[in-house]
Amino acid sequence: IFFFDCALVFTIPHIKTCLFPTGDTSTCHVNVTQPRYKEAGESAHTVTLTCTFSALGCSSSEPQALWFRFFTNRHEDLCTPECRDVQKFKVHISPKNVSLQISSLTTNDSAVYFCGIAFSDSSSPRSKQMGGGTMLVKTGAEKHSTESLTSMIIALSLLLLYSIVIFTILILHKKISSGRKIFQAIAQELQKQRYAEHCQQPDHLEDDTVYQNR
């Protein structure tokens with residue numbers, strides 16, 4: 001919180017909200033508490049984030065409730081205090097609690113949500129405090145995508161394994177066929193050689209007979 005001549009600035013990293021004091025309640029002390037984690041299942045279309053606060057020495061006027069959300073590399077001002085999208089975000093305030101209702105919930109709403117409470121009629125530095133933030137995680141769709149991706153990987157792995165087996169069988173078949181052809185060619189060549197030797201054998205016998213008669 002920073003002091004200026006005209007206002008008090010309610011701030012967290014990258015966010016500054018100027019609130020003009022209307023009174024002098026210098027002893028106002030606000031404490032804000034938020035749950036650390038909130039999970040919304042696949043079937044959830046609406047979620048409510050809660051924020052509790054205590055106010056000591058503050059006026060009886062209703063405080064301002066501010067909501068912000070932080071993503072990995074950016075932030076959004078949701079309600080400061082008016083909500084920028086009244087169809088999606090609604091703020092409910094009770095004497096000790098503030099809630100943010102988020103409708104049309106999607107995985108894009110997964111973020112860290114910060115709740116701020118400010119008594120704008122107080123000049124006390126502690127009259128404007130921010131909670132520790134609630135991490136909202138929209139599950140179900142991610143799990144479904146993960147399961148689909150896992151099933152796809154398994155199917156592709158089985159298909160690859162099947163392709164490798166078929167390819168190996170084809171290669172072996174070609175090698176066996178090639179080996180049979182080579183064996184047949186060798187067998188035919190041996191048969192030709194034996195036939196040629198058989199055809200030449202009578203001539204040798206005749207030559208031997210003539211020689212003996214002489």
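This structure is a prediction, so every number in the text was calculated from the model and none was measured. Values below: all heavy atoms of this structure, side chains included; hydrogens, waters and symmetry mates excluded.
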Distance check, rounded to the nearest 0.5 Å: [X] atom [atom1] versus [Y] atom [atom2]?
{"X": "K90", "Y": "D85", "atom1": "NZ", "atom2": "CG", "value": "11.0 Å"}
{"X": "H45", "Y": "E42", "atom1": "NE2", "atom2": "CD", "value": "9.0 Å"}
{"X": "R126", "Y": "C58", "atom1": "CZ", "atom2": "SG", "value": "11.5 Å"}
{"X": "N31", "Y": "Q129", "atom1": "CG", "atom2": "CD", "value": "7.5 Å"}
{"X": "L56", "Y": "S127", "atom1": "CG", "atom2": "OG", "value": "12.5 Å"}

Using modelled atom types and a 3.5 Å cut-off, is there a donor and acceptor pairing between side-chain atoms of [X] and backbone atoms of [Y]?
{"X": "T48", "Y": "Q101", "answer": "no"}
{"X": "K88", "Y": "S103", "answer": "yes"}
{"X": "S124", "Y": "C28", "answer": "yes"}
{"X": "S122", "Y": "F119", "answer": "no"}
{"X": "D109", "Y": "T106", "answer": "yes"}
{"X": "K138", "Y": "E39", "answer": "no"}

(message) Let's go through D121 and S59 carefully: what are the C-alpha distance in whole Å and the side-chain angles of both, what is the deciding distance for side-chain hydrogen bond (donor to acceptor under 3.5 Å, both in side chains) to 0.1 Å, and is it a yes or a no?
(response) CA-CA 8 Å; D121 58 355; S59 66; 2.4 Å; yes
(request) Kindly say whether the aromatic ring centers of H75 and F70 come within a distance under 6.0 Å. (result)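 Yes, close enough.
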(message) L66 vs C115, test: side chain to side chain contact (heavy atoms under 4.5 Å, CB included). Steps then yes/no.
(response) CA-CA 6 Å; L66 304 95; C115 167; over 6 Å; no
(message) By the definition side-chain hydrogen bond (donor to acceptor under 3.5 Å, both in side chains), identify the one residue from K38, Q34, R69, E76 that meets it with Y113.
(response)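 With Y113 as partner, side-chain hydrogen bond (donor to acceptor under 3.5 Å, both in side chains) holds for just one option, R69.
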(message) When you compare the side chain of C83 with that of L78, does any pair of heavy atoms fall below 4.5 Å?
(response) no
(message) What I'd like to find out is whether the side chain of V47 reaches to under 4.5 Å of the side chain of L136, using heavy atoms alone.
(response)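 A side-chain contact exists here, since the closest heavy-atom pair is under 4.5 Å.
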Work out which heavy atom in [X] is nearest to a heavy atom in [Y]; give both atom names and the distance.
{"X": "P95", "Y": "F53", "answer": "O-CZ, 3.2 Å"}
{"X": "F114", "Y": "G132", "answer": "CE2-O, 3.5 Å"}
{"X": "A65", "Y": "I93", "answer": "CB-CD1, 3.9 Å"}
{"X": "F89", "Y": "C79", "answer": "CB-SG, 4.2 Å"}

(message) Please identify which of these residues, I102, V98, T80, meets the side chain to side chain contact (heavy atoms under 4.5 Å, CB included) condition with W67.
(response)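 Only one option passes, and that is V98.
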